[in-house]
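Working notes for the structure below.
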Amino acid sequence: LIAGGAFKIQVGADFDCIARWDGTSWRALAEGINGGSVDALTVYNGDLIAAGSFTSAGGVNALNTARWDGETWHAMGQGITFPIRALVEFKGDLIAAGWSGIRRWDGNTWLQINGTASALAVYNGELIAGGKNQFGALVSRWNGLTWDSLGTSGAPTHQSVYALAVYNGELFAGGNFKTFDNLEVNGIARWDGSNWTPMGTGVAGGYDAAAVASLYVRSGELVAGGTFLTAGGLTSAYWARWRPDCPAADLNCDQVVDTNDVTLFVNGLLDPAGLDACQAVVGDVNHDGILDGHDIPNFVVCVLAGGCY
């Protein structure tokens, strides 16, 4: 586990903006990163890529981007002259984006892509960028030459997308926006391939305007973090989980746990990749984060009882 941010901690070793958790304790990555903060991390070609607002990594001059090969930090060309907020791999290239521009790393050089962004994702084989209102939308997709708006999600200047994630075949956007496509969504919305739709009542509360600042998929659930106190009308300060609205063991999601769920459960045991995200969550009857043989006893009890009680 790698953590990045704007911190400097001295506990036996210096942790400058980045640290590694080995399962027992935090470890430094050489001399760390100096000059500001690490705001984005990803793995590219087997190496860890760190980006943000900094001037050096491990004592090596590295402007806002750096590569860690497991032992040493390396500069990536001449770096990027503006702070980076997001990283993603797209068609073998590394894409880096910030409020001042977007760049593509071809293995040797950072090349310009028009536009700006604070969030990136790959959805249905397309590069997706989210940020402030540009090209008529808060979220756009790259067609190879220009950006096309995703829906008509134009919004006031002070509203932005901070995070993007793909979950269960849909694209999710989080930020400090109130509406998407003239629908009230309150900080988070999902794109089903054709339209933006709300996720319940969204998020609310907080010391400032409620916003979703990060999105992450874990154990079949979408996890959102940010400056909010409630999600979907429920108290959930600063983080919340979105998961399928199906009872445990109800793999066909017909709101009944019975023998009609057995075939899907067995198929999931034999080929977990064949299940969609919803089925993977409700099939994990013992809630250990994975559908496997350990779920069989509980699943049998649920089917015989007509539900998990």
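- Annotation for Met76 and Leu94: closest pair CE-CD2, 3.9 Å, computed over non-hydrogen atoms.
- Within a 6.0 Å radius of CD in Glu71, other residues, nucleotides and ligands contribute 12 heavy atoms or fewer.
- In the model, Asp148 has a side-chain atom that pairs as donor or acceptor with a side-chain atom of Asn143 under 3.5 Å.
- Between the side chain of Ser118 and the backbone N or O of Val161, at least one donor-acceptor pair lies under 3.5 Å.
- The stretch residues 34-72 participates, sequence neighbours left out, in these ring-ring contact (aromatic ring centres under 6.0 Å, His included) pairs: Trp68-Trp73.
- Of all heavy-atom pairs spanning Ile33 and Ala57, the tightest one is CG1-CB, 3.8 Å.
- Residues forming a salt bridge (charged side-chain N to carboxylate O under 4.0 Å, His left out) with Arg20 (at least two apart in sequence, or on another chain): none.
- Within the 4.5 Å cutoff, no side-chain heavy atoms of Val282 are placed close to those of Asp250.
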Name the atoms and distances for all side-chain donor-acceptor pairs under 3.5 Å in residues 78-90, with sequence neighbours left out.
none

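- Between Phe180 and Trp196, the ring planes are perpendicular. Angles over 60° get that label, and only those under 30° would be called parallel.
- Across all non-hydrogen atoms, the minimal contact from Ala173 to Leu164 is CB-CD2, 3.8 Å.
- Nearest heavy atom pair, residue Trp242 against residue Arg190, reads CZ2-NH1, 3.8 Å.
- Hydrophobic clustering, defined by side-chain heavy atoms of Ile, Leu, Val, Met, Phe, Trp and Tyr closer than 4.5 Å, leaves Ile290 isolated from every other such residue.
- Heavy-atom minimum distance, Thr179 versus Gln159: N-OE1, 4.3 Å.
- With sequence neighbours left out, the side chain to side chain donor-acceptor pair (under 3.5 Å) criterion links His287 to no other residue.
- Every ring-ring contact (aromatic ring centres under 6.0 Å, His included) that Trp21 has, sequence neighbours left out, goes to Trp26.
- Residues Ala165 and Leu222 share a closest heavy-atom pair of CB-CD1, 4.1 Å.
- Under a cut-off of 6.0 angstrom, the local environment of OH in Tyr216 is sparse, with at most 12 non-hydrogen atoms contributed by other residues, nucleotides or ligands.
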